[in-house]
2 protein chains.
Amino acid sequence: MGYTVSKVAERTGLTISTLRYYDKEGLLPFVDRTAGGARNFKESDFEWLAVITCLKQTGMPIKRIKQFIDWCLEGDATLERRLNVFVEHKKEVNAQIAALKEYMKKIDYKIWYYETAISAGTEAVHNGEKCKLLDKDAEENDL
Amino acid sequence: MGYTVSKVAERTGLTISTLRYYDKEGLLPFVDRTAGGARNFKESDFEWLAVITCLKQTGMPIKRIKQFIDWCLEGDATLERRLNVFVEHKKEVNAQIAALKEYMKKIDYKIWYYETAISAGTEAVHNGEKCKLLDKDAEENDL
DNA sequence: CCTTGACCTATAGTTAACTTTATCTTGTAT
DNA sequence: ATACAAGATAAAGTTAACTATAGGTCAAGG
């Protein structure tokens with residue numbers, strides 16, 4: 001009973017190779033093994049995987065995730081450090097969101113730029129004086 | 001009369017190697033050269049670099065950026081395709097922002113989890129019946 | 001018993017995006 | 001003239017995060 005690596009892959013969307021790779025990197029020390037040596041995931045392991053996936057998808061490198069997992073195994077002595085992982089990471093993710101929103105302004109400008117050019121039939125429409133003004137506005141959004 | 005590669009690096013925050021690498025990959029076909037063969041960036045090139053940086057920082061691979069640059073060189077015949085690049089990319093960036101916001105819920109939960117544990121002096125505070133309920137709520141945010 | 005499919009480990013290979021290194025050329029200051 | 005800083009190219013090296021391959025083990029079905 002429990003889940004084989006392929007069942008976990010199916011349910012999480014991670015590949016079998018990725019799960020084994022994470023295990024090798026020390027991210028899954030909590031996963032049990034059968035007598036024969038096969039990984040035997042339990043229900044609660046999915047919560048660990050969800051946390052790992054959250055951190056990875058928000059840009060935390062695997063080495064830092066491993067550090068966090070290691071601290072988890074050390075128990076209550078590392079609670080402050082573990083809190084700090086998330087407090088710091090939250091700042092980083094907020095910065096990512098802010099940066100993406102800022103870049104989105106440039107993308108929206110480009111959409112407007114090409115829609116206007118297509119309407120006019122040529123990109124040359126953006127060479128006049130009026131458009132230099134518009135370009136100026138856009139440049140203020142440069143990153 | 002123009003900017004050297006090191007001046008451009010200084011102003012944009014990109015490294016000299018990165019600029020040369022982008023050039024080699026075909027991202028900077030618009031950059032002039034001096035008689036001696038040195039790159040000679042002009043003011044308008046910074047706008048190109050800003051677009052390239054925007055696309056790269058929002059996750060577009062260099063090969064796709066090159067495709068876009070190539071279309072730019074082809075003139076008005078590719079206006080629709082270029083618009084499409086930004087329309088599609090906008091969707092991707094919106095998806096990224098949405099995903100990050102979703103993951104943020106889990107990060108916030110973890111901050112709450114560790115703050116509560118630290119207040120209690122032990123992580124064991126999250127083992128009771130009441131906390132299983134709270135865990136359930138959190139699991140609904142799993143990704 | 002034996003085949004078959006899923007599992008295992010270890011190791012090698014891949015890809016993207018740079019970065020470093022080696023070697024050469026150019027342009028300005030003494 | 002000459003030194004030397006800054007520019008150039010080509011090619012090799014790096015890093016992260018997988019992905020694929022080779023070779024072996026185990027457990028259930030025929």
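Order of the sequence lines fixes the chain letters, A, B, ..., with proteins taken first and strands second; residue numbering starts at 1 for each chain. These values consider heavy atoms only, across backbone and side chains, with no hydrogens, waters or symmetry-generated copies.
D/dA16 atom C1' lies 12 Å from atom CD1 of A/Ile65, rounded to whole Å. Between the NZ atom of A/Lys63 and the C1' atom of D/dT14 there is a distance of 12 Å, rounded to whole Å. Protein atom CD1 of A/Ile52 is 18 Å distant from nucleotide atom P of D/dA16, rounded to whole Å. Rounded to an integer number of Å, the gap from NZ of B/Lys56 to C1' of C/dC18 is 10 Å. Between the CE atom of B/Met60 and the P atom of C/dA16 there is a distance of 15 Å, rounded to whole Å.
Take B/Tyr21 and apply the ring-ring contact (aromatic ring centres under 6.0 Å, His included) test, not counting sequence neighbours, and it matches no residue. Among residues two or more places apart in sequence or in another chain, the side chain to side chain contact (heavy atoms under 4.5 Å, CB included) test is passed with A/Ser17 by A/Thr15. By the side chain to side chain contact (heavy atoms under 4.5 Å, CB included) test, A/Glu115 pairs with A/Ile111, B/Leu83, sequence neighbours left out.
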Table please: side-chain donor-acceptor pairs of residues 65-75 of chain A below 3.5 Å, with sequence neighbours left out.
| unit_1 | atom_1 | unit_2 | atom_2 | d |
| --- | --- | --- | --- | --- |
| A/Lys66 | NZ | A/Asp70 | OD1 | 3.2 |
| A/Lys66 | NZ | A/Asp70 | OD2 | 3.1 |
| A/Gln67 | OE1 | A/Trp71 | NE1 | 3.2 |

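For the pair B/Thr34 and C/dT26, the criterion of a side-chain N or O lying under 4.0 Å from OP1 or OP2 is not met. An OP1 or OP2 oxygen of D/dA20 is reached within less than 4.0 angstrom by no side-chain nitrogen or oxygen of A/Tyr21. Between A/Thr15 and the phosphate of D/dT19, there is a side-chain N or O to OP1/OP2 separation shorter than 4.0 Å. Put simply, A/Ser17 has no side-chain N or O that comes within less than 4.0 Å of OP1 or OP2 on D/dA20.
Screening residues 28-42 of chain A for salt bridge (charged side-chain N to carboxylate O under 4.0 Å, His left out) gives A/Asp23-A/Arg33, A/Asp23-A/Arg39, A/Asp32-A/Lys42, A/Lys42-A/Asp45 as the qualifying pairs, with residues at least two apart or on separate chains.
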Can you name the atoms? Protein N/O to nucleotides 7-10 of chain D N/O, anything below 3.5 Å, with the distance.
| unit_1 | atom_1 | unit_2 | atom_2 | d |
| --- | --- | --- | --- | --- |
| D/dG7 | OP1 | B/Thr4 | OG1 | 3.3 |
| D/dG7 | OP1 | B/Ser6 | OG | 2.6 |
| D/dA8 | OP1 | B/Arg39 | N | 2.8 |
| D/dA8 | OP1 | B/Arg39 | NH1 | 2.8 |
| D/dA8 | OP2 | B/Arg20 | NH1 | 2.2 |
| D/dA8 | OP2 | B/Arg39 | NH1 | 3.4 |
| D/dA8 | O3' | B/Arg33 | NH1 | 3.3 |
| D/dT9 | OP1 | B/Arg33 | NH1 | 3.1 |
| D/dT9 | OP1 | B/Arg33 | NH2 | 3.0 |
| D/dT9 | OP2 | B/Arg39 | NH1 | 3.4 |
| D/dT9 | OP2 | B/Arg39 | NH2 | 2.8 |

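For the pair B/Thr18 and B/Ala35, both in contact range of DNA chain C, the more 5′-proximal nearest nucleotide belongs to B/Thr18.
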task: Might you work through the salt bridge (Lys or Arg N to Asp or Glu O under 4.0 Å) test for A/Glu25 and A/Lys63, ending with a clear yes or no?
output: CA-CA 8 Å; A/Glu25 294 300 304; A/Lys63 282 183 184 172; over 6 Å; no
